[in-house]
There are 2 protein chains.
Amino acid sequence: MATVTRSDIIDAAGRLFAERGYHGTSMRDLGNEVGLLGSSIYSHVNSKAEILTEVIDKGAKLFQASADAALAAPVSAPEKLELLISGHIDVVMDHANEVKTFLYESRFLAADQRAVPLEQRNTYEAAFRSVFVQGAEAGDFKRLDPVITSILTLSILNAIERWFRDDGRLDRGELTQRIVGFTKASLEKE
Amino acid sequence: MATVTRSDIIDAAGRLFAERGYHGTSMRDLGNEVGLLGSSIYSHVNSKAEILTEVIDKGAKLFQASADAALAAPVSAPEKLELLISGHIDVVMDHANEVKTFLYESRFLAADQRAVPLEQRNTYEAAFRSVFVQGAEAGDFKRLDPVITSILTLSILNAIERWFRDDGRLDRGELTQRIVGFTKASLEKE
DNA sequence: CCTACCGATCGGTAGG
DNA sequence: CCTACCGATCGGTAGG
């Protein structure tokens, strides 16, 4: 264990915020997690809130990178939807701490700081909306309200970390196919 | 404002826990919310954790009452599913504080106290599972894994409080129909 | 990154 | 239900 970096602190904070919540984690807990005193954390950051902001931003950027890749793929809308879904599942499973902090701890940011993740969330959802619209225009999907459809799809995707374990009887690929199936069923034209 | 009752305290705690989280709410905050000093709360309860337990239990019982009514109705499985869905939506919208506390603050119960809401949750989910099984046996639904189908359906239903406002362009009845439609589409036989 | 510390606040209690 | 208080812990700072 070499010297502790800012990045180590952000990682550790993700773990603790996800598990105990922002208000359930003290600077001393965090120091202990990285092998420092609580007060020594202030050599790396200016405040506890700054750490929360950074963990959340990390989660948001992971989601956006996934969406950017899906939208850039030279494939049809139904295939883009599959990429969005499997990409989201990968982010949720591989970066569970940042995702949980993004989902459940953003509300503890100061009001003026909350605008950023809210906007990031909206941009990310827009990727889903655009694919539903594209799919409808190409005649692949039924024409449903893309706003509601995106919200319902993301409701399923965000809840995954609350019940799915990678080592269960269902593997990640099967999970993805179930969710793709469930979602696409509602988009099918009769 | 007559004298403060235990029930007033549980109600106020639901409001504060939902908004600020369990660890973000102090006994002094809670006292202030009901017009007492923080220390005076201890005339009504034994600990802060006891209050959390009670708020969560209130939420769990509201959900179960809805499920019991749906299962008892003398109707077909597809209609029971609609009752389960609209009942869940009503509980989420009419008792948002207890629901949010149930969903997001249960993890702050001591390990041995967490077993109760977990079991309540499982019993409630079992109502959904049984309706999916009944529907498949009656030939109304495609035969899908009832465990996964229940989880995906409840993922959508529990997320409602995160985005739906009763005064938006979509009213509650329309919301219910969208969700019933989205869910049933995946259950339809070709 | 530690030592040494700050004022504020925490959950909770004794005694009336 | 308040007064008066407990020891513990909170986020954070000065100075090295």
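First the proteins, then the strands, lettered A, B, ... as listed; each starts at 1. For clarity, every value in this text was computed on a predicted model and none was experimentally measured.
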Residues in contact with DNA chain C, drawn from residues 20-28 of chain B - heavy-atom cutoff 4.0 Å: B:Thr25, B:Ser26, B:Met27, B:Arg28
Is the backbone of A:Val4 close enough, under 3.5 Å, to the side chain of A:His44 for a donor and an acceptor to pair up by distance? yes
Rounded to whole Å, how long is the line connecting atom CG of A:Asn32 with atom C1' of D:dG11? 17 Å
Quickly work out the A:His44 NE2 to D:dG11 P distance and round it to whole Å. 18 Å
From CG of B:Leu30 over to P of D:dC1, roughly how many Å is that when rounded to an integer? 13 Å
Between A:Asp11 and A:Arg6, is the closest basic N to carboxylate O distance under 4.0 Å? no
Option from B:Arg15, B:Lys61, B:Lys58 for which salt bridge (charged side-chain N to carboxylate O under 4.0 Å, His left out) with B:Glu98 holds: B:Lys58
Within this structure, what is the CD1-to-P distance between B:Ile41 and C:dC10, rounded to whole angstrom? 13 Å
Lys/Arg N to Asp/Glu carboxylate O, A:Arg172 vs A:Asp94, below 4.0 Å: yes
Using atom CG of A:Asp29 as one end and atom P of D:dA8 as the other, report the distance to the nearest whole Å. 17 Å
Measure CD1/A:Ile51 against P/D:dG11 and give the value in whole Å, please. 10 Å
Round to a whole Å and report the spacing from CZ of A:Phe17 to C1' of D:dG11. 12 Å
Distance to the ring centre below 6.0 angstrom and angle to the axis at most 45 degrees; does that hold for B:Lys100 and B:Phe17? no
Could you check whether any side-chain N or O of B:Glu105 sits under 3.5 Å from a backbone N or O of B:Tyr22, counting only pairs where one atom can act as donor and the other as acceptor? yes
Tell me which nucleotide among D:dC1, C:dG11, C:dC1 gets nearest to the side chain of B:Leu36. D:dC1
A:Glu137 bridged to A:Arg143 by N-O distance under 4.0 Å: no
Should D:dG15 form a Watson-Crick or G-U wobble pair with both distances under 3.5 Å, which nucleotide is its partner? C:dC2
Which protein N or O atoms sit under 3.5 Å from an N or O of nucleotides 13-16 of chain C?
none

Decide if the gap between the ring center of A:Phe102 and the ring center of A:His95 is smaller than 6.0 angstrom. no
Looking at B:Arg129 and B:Glu125, is there a salt bridge between them, counting it only when a charged N and a carboxylate O are closer than 4.0 Å? yes
